[in-house]
Amino acid sequence: MNILLATPEAVPFAKTGGLADVCGALPVELARLGHRVSLIMPAYRKARYSGIPHEPLDIHFIVPIGSKMVSGRLLRSRIPGTDVDVYLVDQDQYFDRDQLYGVNGEDYVDNCERFVFFARAVLESVRLLDLNVDVLHANDWQTGLIPAYLKIEYARAPRYEQIACLLTLHNMAYQGRFWHWDMLLTGLDWKYFNWRQMEYHGKLNLLKTGIIYADTINTVSPRYAQEIQSAPLGCGLEGVLQHRRDAMYGILNGIDPDEWNPATDPELAANYDEQTVLEGKPVCKRALQQEFGLPEEPDVPLLGFIGRLAEQKGIDLVAEVAQRWVQSHEAQWVLLGTGNPKYERLFRALADRFPRKVAARLEFSNPLAHRIEAGADMFLMPSRYEPCGLNQLYSLRYGTVPVVRATGGLADTITGVPEGAADPGEANGFVFSEYSPLALDETLGRACEAYHNRPFWRKLIATGMGQDWSWARSAAEYVNLYETTMERTRQTVGV
Ligand code: ADP
């Protein structure tokens, strides 16, 4: 199968979120499965100076953007260590900037124009690079126009008419909404600016456009695919998603099994695997306690949290429960994250007042994230919503028991210990449903009780460590979905 993955970001070229991890890892696995896959993304300044070699191709093109013609060219690189081609769309005025989408919390004012250009460039590249594409896999709002152009402008063009298009939705909270005059930039007729196609409450909505025109759509977990078909998680597009529910799928993201492997992780005080976790993990826990200035108590449960300090992540619940527990429970809290200044202040103050129980690092540190995953006994993810979530998967691999709220990918990956169970059975963590501090408090209470029941805890750890959440599994599911997408190509929404 020939696959072209169009994405606004991919590791190791440029990253602002989990989308980049997916788009960096999935093509490698697809190639390993024997498919021909290449990736196309903007040549941001970060991508050009990422240190990964690239070469200019002698391929220049001009596309219409509103009433002007804009030129660009293609650079070629590779995903390091693989032969997966990466085409970088080079256009200095649009992409030679400090950041990907904006600075100081403000989006760049010409984001619509930048990604109209990118979408048109992707389609022109198919012809210019002489690519045979069976499936064009688009990602998030930045690529939402690609399926629309395919259906409207390229529908009967040789080489394009057979291309099937999948759009992956990584987070419904980001939709690419622009004022209606930006419709002119797309070059598409105003007749498409209506509530059934490209318009949403008077604005141009690029994610909605992609959802309408793609042959199939998927999200990064089956549960999130269901949840976004109603409010509030559909973020206003629940009706559109219901309309397209026959074409909607959910595929969990995977983890990079080389980067997140406790047996080889160079950041850890001791390496361990399923067989040696009971010796290795206590060493990592002691090292973490030392590093964070907590008392070296082997039998006090150590609770970890890593992530953006945003309400999406349930940080308000963690804050409330931690404030109560420091007064009443023998437990240690380790928090790593940045975000909402209110929570940064709160955790800093809590760590100052209770240095024997709470440690907070308000920074972004990948090495620390690895050491927390290894050293903690439990990992908290009480998210309000979670399209997929990666930390719970890292936790399972590191023998750290996840305590999660049943939403999105968390619900799909974590099986909770039933209340009052004498044996964990198939469970790999603790799960609660209601978004409340009380529910987290109770569930954490149950988890801490189970922690002191050694055989019970050992079984929980073994179940989690024995599971496979690697990309290899997810990539096979994408291959099936690509096949389904190709089959559906001729049956998509009429234009
Ligand atoms: P999201 O993409 O919504 O932020 P995910 O759980 O899907 O959440 O992925 C977030 C990734 O970023 C995880 O790998 C997590 O460990 C990492 N991360 C988040 N905050 C930090 C931090 N402060 N330091 C190190 N890694 C972090």
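Only this structure's heavy atoms are used, side chains among them; waters, hydrogens and symmetry mates stay out. Atoms within a ligand are numbered from 1 in the order they appear, just like the ligands themselves. The model shown is predicted, which means the values in this text are computed figures rather than measured ones.
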**Request:** Could you check atom 23 (N) of ligand 1 against the protein and tell me its nearest heavy-atom contact, residue, atom and distance included?
**Result:** E363 O, 2.8 Å

**Prompt:** Can you tell me the protein heavy atom closest to atom 4 (O) of ligand 1 and the distance?
**Reply:** R308 NE, 2.9 Å

**Request:** Answer yes or no: is there a donor N or O on one side and an acceptor on the other, between the side chain of D412 and the main chain of R223, under 3.5 Å?
**Result:** yes

**Taking atom 16 (O) of ligand 1 as the reference point, the nearest protein heavy atom with its distance** = N391 OD1, 3.0 Å

**Request:** Verify whether one side chain among Q289 and Q332 offers a donor that lies under 3.5 Å from an acceptor in the other.
**Result:** yes

**Request:** Indicate yes or no: at least one non-hydrogen side-chain atom of C284 is less than 4.5 angstrom from one of R371.
**Result:** no

**Message:** Under a 4.0 angstrom heavy-atom cut-off, which atoms of ligand 1 come close to G337?
**Reply:** 23 (N)

**Asked** Angle class for the F95/F118 ring planes (parallel below 30°, perpendicular above 60°, tilted otherwise)?
**Response** perpendicular

**Asked** Yes or no on side-chain hydrogen bond (donor to acceptor under 3.5 Å, both in side chains) for S365 and E363, after CA distance, side-chain angles and deciding distance?
**Response** CA-CA 6 Å; S365 162; E363 60 181 291; 4.5 Å; no

**Asked** Do W141 and F178 touch side chain to side chain, with heavy atoms closer than 4.5 Å?
**Response** yes

**Request:** May I ask you to list the atoms of ligand 1 that are less than 4.0 angstrom from any heavy atom of Y394?
**Result:** 14 (O)

**Message:** Could you check whether Y101 and E9, counting side-chain N and O atoms only, form a donor-acceptor pair closer than 3.5 Å?
**Reply:** yes

**Fill in**
The closest protein heavy-atom partner of atom 17 (C) of ligand 1 is F364 CZ, 4.3 Å

**Request:** Please identify which atoms of ligand 1 are closer than 4.0 Å to at least one heavy atom of G307.
**Result:** 19 (C), 20 (N)

**Message:** Please determine whether any non-hydrogen atom of R361 lies less than 4.0 Å from an atom of ligand 1.
**Reply:** no

**Prompt:** Do any nitrogen or oxygen atoms of W260 come within less than 3.5 Å of a nitrogen or oxygen of ligand 1?
**Reply:** no

**Under-4.0 Å heavy-atom contact with ligand 1, by part of I306 that carries it** = side chain

**Message:** Evaluate T216 against T485 for side-chain hydrogen bond (donor to acceptor under 3.5 Å, both in side chains), listing each step before the verdict.
**Reply:** CA-CA 6 Å; T216 52; T485 309; 2.7 Å; yes

**Request:** Would you mind checking which non-hydrogen protein atom is closest to atom 6 (O) of ligand 1, with the distance to 0.1 Å?
**Result:** L390 N, 3.1 Å

**Request:** Answer yes or no for atom 27 (C) of ligand 1: protein heavy atom present at a distance under 4.0 Å?
**Result:** yes

**Asked** Counting heavy atoms not belonging to E279, are there more than 12 under 6.0 Å from its CD?
**Response** yes

**Request:** Within a distance under 4.0 Å of any heavy atom of G18, pick out the atoms of ligand 1 and give their elements.
**Result:** 2 (O)

Under 3.5 Å, which donor-acceptor pairs link side chains of residues 340-353 to any protein atom two or more places apart or in another chain?
| residue | atom | partner | partner atom | Å |
| --- | --- | --- | --- | --- |
| N340 | OD1 | K342 | N | 2.9 |
| Y343 | OH | E311 | OE2 | 2.9 |
| E344 | OE2 | G339 | N | 2.9 |

**Asked** Does any N/O atom on T338 come nearer than 3.5 Å to any N/O atom on ligand 1?
**Response** no

**Message:** Tell me whether atom 10 (C) of ligand 1 lies less than 4.0 Å from at least one protein heavy-atom position.
**Reply:** no

**Item:** Min N/O separation S365 to ligand 1 under 3.5 Å
**Value:** yes

**Message:** As an exercise, identify every atom of ligand 1 less than 4.0 angstrom from a heavy atom of K313.
**Reply:** 1 (P), 3 (O), 4 (O), 8 (O)

**Request:** Decide side-chain hydrogen bond (donor to acceptor under 3.5 Å, both in side chains) for Q392 and T413; before the verdict, give the C-alpha distance in whole Å, the side-chain angles of both, and the deciding distance to 0.1 Å.
**Result:** CA-CA 8 Å; Q392 82 277 19; T413 53; 3.3 Å; yes

